[in-house]
Amino acid sequence: MSSFVIARNYGQNTAPGRVSVKLDAAVNGELGFMLVTVAGYGRIPAAANAATGKMAGLVVEPADNSAGIQGALSVIVDVFTADFAADGTNPPTQADVGKLVYASSATTISRDSADGPPAGKLISFVTGDPQGRPCRVALDCMLTS
């Protein structure tokens with residue numbers, strides 16, 4: 001299956017669209033990674049920012065601020081519906097389709113809110129996905145920190 005993108009497939013509003021996000025200190029915003037904002041700065045989703053992180057989107061123009069200070073570099077993120085790997089500890093299942101799921105890392109989705117900030121809605125789960133990304137998620141990027 002190819003990536004499902006709302007703008008191409010349904011013509012729906014993809015607000016907020018492409019936005020620039022300043023990276024927090026020591027953050028590498030790699031291409032295709034999910035990024036959340038905490039206090040206005042981009043971070044990689046994790047359990048540590050489960051309560052405070054707001055989904056910003058997928059990185060489409062990367063930057064590596066690993067050695068930089070807070071806000072030194074920015075990435076461009078965009079809103080997508082995309083396929084992700086399932087978390088190793090609390091993986092979503094077919095029973096979770098239609099429910100809110102959480103970003104446990106830059107590339108994995110969990111069904112447990114303690115694992116990371118809200119990512120969006122699980123719109124399909126394909127057990128035998130050949131690329132190992134069974135979780136199709138419509139990212140919810142309308143929230144701000």
Any link between L122 and L58 through a network of hydrophobic side chains (Ile, Leu, Val, Met, Phe, Trp, Tyr) touching at under 4.5 Å?
yes

Closest non-hydrogen atoms of R136 and D83, given as atom of the first, atom of the second and distance, are NE-OD1, 2.7 Å

Candidates I76, L31, V75 - the one meeting side chain to side chain contact (heavy atoms under 4.5 Å, CB included) with E61:
I76

The single option from D87, D115, N90, V137 passing side chain to side chain contact (heavy atoms under 4.5 Å, CB included) against I109
V137

Least distance between heavy atoms, T37 atom then A56 atom:
CG2-CB, 4.0 Å

Which heavy atom in P62 sits nearest to a heavy atom in G29, and how many Å separate them?
CB-O, 3.1 Å

F84 reachable from F80 in the ILVMFWY side-chain graph, under 4.5 Å edges:
yes

Is it the case that the side chains of S110 and D112 hold a donor-acceptor pair, with the cut-off being a distance below 3.5 Å and no angle test?
no

Pairwise side-chain contact, L35 with I44, heavy-atom cut-off 4.5 Å (strictly under)
yes

State, to 0.1 Å, how close V38 and G53 come at their nearest heavy-atom pair, and which atoms those are.
CG2-CA, 3.8 Å

Least distance between heavy atoms, Y41 atom then L23 atom:
CD2-O, 3.9 Å

Look at the side-chain heavy atoms of Ile, Leu, Val, Met, Phe, Trp and Tyr, link any pair under 4.5 Å apart, and say whether L73 and M34 land in one connected group.
no

Has the side chain of D96 got a donor or acceptor atom that lies under 3.5 Å from a matching backbone atom of K99?
no

Once you round to the nearest 0.5 Å, how far does OG1 of T93 lie from CZ of R111?
6.5 Å

Any side-chain heavy atom of C135 within less than 4.5 Å of one from F125?
yes

Exam field: side chain N65 to backbone D24, donor-acceptor pair closer than 3.5 Å
yes

Minimum heavy-atom distance between M55 and A119, given as atom pair plus value:
CE-CA, 3.8 Å

Among P45, P118, C141, which residue satisfies the side chain to side chain contact (heavy atoms under 4.5 Å, CB included) criterion with V36?
P45

